[in-house]
Amino acid sequence: MLHIKNGVLVSGSATQKADLWIEGGKIVETPADASGAELIDAAGCLVFPGFIDAHTHMQMDAGATWTADDFASGTAAALAGGTTVILDFATQARGRSLNEALDLWHSRADGHCSCGYGFHMAVTDWNGRTRLELRDMANRGVTSFKAYMAYDNLRISDDALRELLREAAALGGLVGAHCELGDTVNKNRAELVAAGKTAPKYHALSRPDKVEADAVARFLELAGEADAPAWVVHLSTREGLHNIETARARGQRVLTETCPQYLTLTDKVYGADGFEGAKYVCSPPIRNAHDRLALLDATRKGKVDIISTDHCSFNYKGQKEMGLGDFTKIPNGLPGVEHRPALIWTYATQSPERFCALLSENPAKAFGMYPRKGTLSSGADADVVIWDGGETWTIRAAEQVQNVDYSPWEGFQVRGRAKVVLLGGELCAAEGNVLKAGQGKYVARERAWANL
């Protein structure tokens, strides 16, 4: 038995000074006989349910290269920062089945993860077999799906997306969309390259705010027609936020996700004509200060539901450099899974309760893990973070666990660190270091959106 004493327990709505008891990997009621319990003193610290990152891309084949983080290194980095569950994107190959895709992602992750892990399923080939397989996915613990409105090798038609939304909703599933207008992006990219405008800054210019905002509006229109809830992934613009608020005002259920990069950085990171801006090439791109401030305000006011990372890491040397002379060849993605909690604690939230809601309770509820995850209630899994909210430190790539040669937040001063991280009641990380690797288990999920 484990006894965490003198801490302040946090939920999405309240804090209370109380002790926490753990036995058999679960949180339990105060025992009648506590003799022999192992003690952890959490004095001066907050105690959170383990953080959940609902949007990662580990060990992903990007065509010309693979992500720098596989499931082993990526989940170790997640755990070091206080994240105890990731949800990664298994992706259907065109002409292949959803079950084959899920089997492939399990083969990459099973036995290699240092935190809990589950999968969303990205649907790239909508047909009769795929429709029938949605039920297979639910039976295998996958109750959330993704569609792309950009990328020629991934996107599906509006008609297919509407059907996917309708069929998934009937099974208690949730569909998210990468909201960018693919045809417009393709046209912009081709025109810029033809004009000799090939520096990394043109990546952002090829994907202006309207490209996302109009796609958000269209996605929500399709969700309304399907009478289905909708999940807008990695929101980056105030225009897109406005379209979400409009949909909510007409009664639609919209799960809104943003990421640390859109809350802490601006498009100044792309610089002028140098190549250093390649480190920040991601889609959607980093936006201007007005977008950043609008999303920060929305996050603090509860209009943003979850903060994930879209962790998709590529080394600057050898991988991002593949786009020297042509921004369209720079691998898209940023690392972030390790530093998300400290960044959000420092720059984006105003209370422990809101921090808990964004990083733990809301994703657990939205993606069918609550009350097993996302709460410190009796019966929940003992995934626990003892958080020192006052510790200050500096983000340095040389000191990180994630397997990538830079950080987008190099030199950022942050507050807050996971002093102790328990996974199933086992001490697995402390002070940014992994103490026990490879303990992560698959998290099969139930009906999505049921508790949010």
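Values below: all heavy atoms of this structure, side chains included; hydrogens, waters and symmetry mates excluded. Computed from a predicted structure; not experimentally measured. All residue numbers refer to positions in the sequence shown, counting from 1.
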Modelled atom types, side-chain donor and acceptor of [X] and [Y], under 3.5 Å:
X	Y	result
Ser236	Glu212	yes
Arg445	Ser144	yes
Ser35	Asp33	yes
Asn315	Tyr406	no
Glu133	Thr130	no
Asp53	Thr309	yes
Gln92	Arg94	no
His3	Asp19	yes
Lys268	Tyr270	no

Check your understanding: Does atom CZ of Arg96 have more than 12 heavy-atom neighbours, drawn from other residues, nucleotides or ligands, at distances under 6.0 Å?
Key -> no
Review point. Does atom CD of Glu446 have more than 12 heavy-atom neighbours from other groups under 6.0 Å away?
Key: no
Study note, to complete from the structure: Tested for side chain to side chain contact (heavy atoms under 4.5 Å, CB included) against Leu20, the lone hit among Thr30, Val384, Leu422, Leu2 is Val384
Salt-bridge contact [X]-[Y] (side-chain N to carboxylate O under 4.0 Å):
X	Y	answer
Arg248	Glu245	yes
Lys436	Glu426	yes
Glu23	Lys26	no
Lys373	Asp381	yes
Arg207	Glu180	yes
Arg140	Asp136	no
Arg287	Asp209	yes

Exercise for review: Just say parallel, tilted or perpendicular for the rings of Phe355 and Trp387, cut-offs at 30° and 60°.
Suggested key: tilted
Practice item. Test His120 against every option in Trp105, Phe145, Phe367 by the ring pair (Phe, Tyr, Trp, His ring centres under 6.0 Å) rule and name the one that passes. Key: Phe367
[Y] ring center within less than 6.0 Å of [X] ring center:
X	Y	result
His112	Phe71	no
His55	His234	yes
Trp345	Phe51	no
Tyr151	His178	yes

Has [X] got a side-chain atom pairing as donor or acceptor with [Y]'s backbone, closer than 3.5 angstrom?
X	Y	result
Gln252	Leu220	yes
Glu338	Val401	yes
Thr56	Asp310	no
Ser73	Asp70	yes
Thr84	Leu423	no
Thr67	Met58	no
Thr75	Ser114	yes

In Å and rounded to the nearest 0.5 Å, what is the [atom1] to [atom2] distance from [X] to [Y]?
X	Y	atom1	atom2	result
Asp405	Gln400	CG	CD	8.5 Å
Cys113	Lys441	SG	NZ	13.0 Å
His290	Leu295	NE2	CG	13.0 Å
Leu39	Lys5	CG	NZ	5.0 Å
Cys312	Met60	SG	CE	3.5 Å
Gln439	Leu427	CD	CG	11.0 Å

Review point. Yes or no on ring pair (Phe, Tyr, Trp, His ring centres under 6.0 Å) for His339 and Phe412, after CA distance, side-chain angles and deciding distance?
Key: CA-CA 11 Å; His339 298 132; Phe412 269 54; over 10 Å; no
Review point. Checking Arg417 against Trp393: charged group under 6.0 Å from the ring centre and within 45 degrees of the axis?
Key: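 Output yes; distance and angle both within limits.
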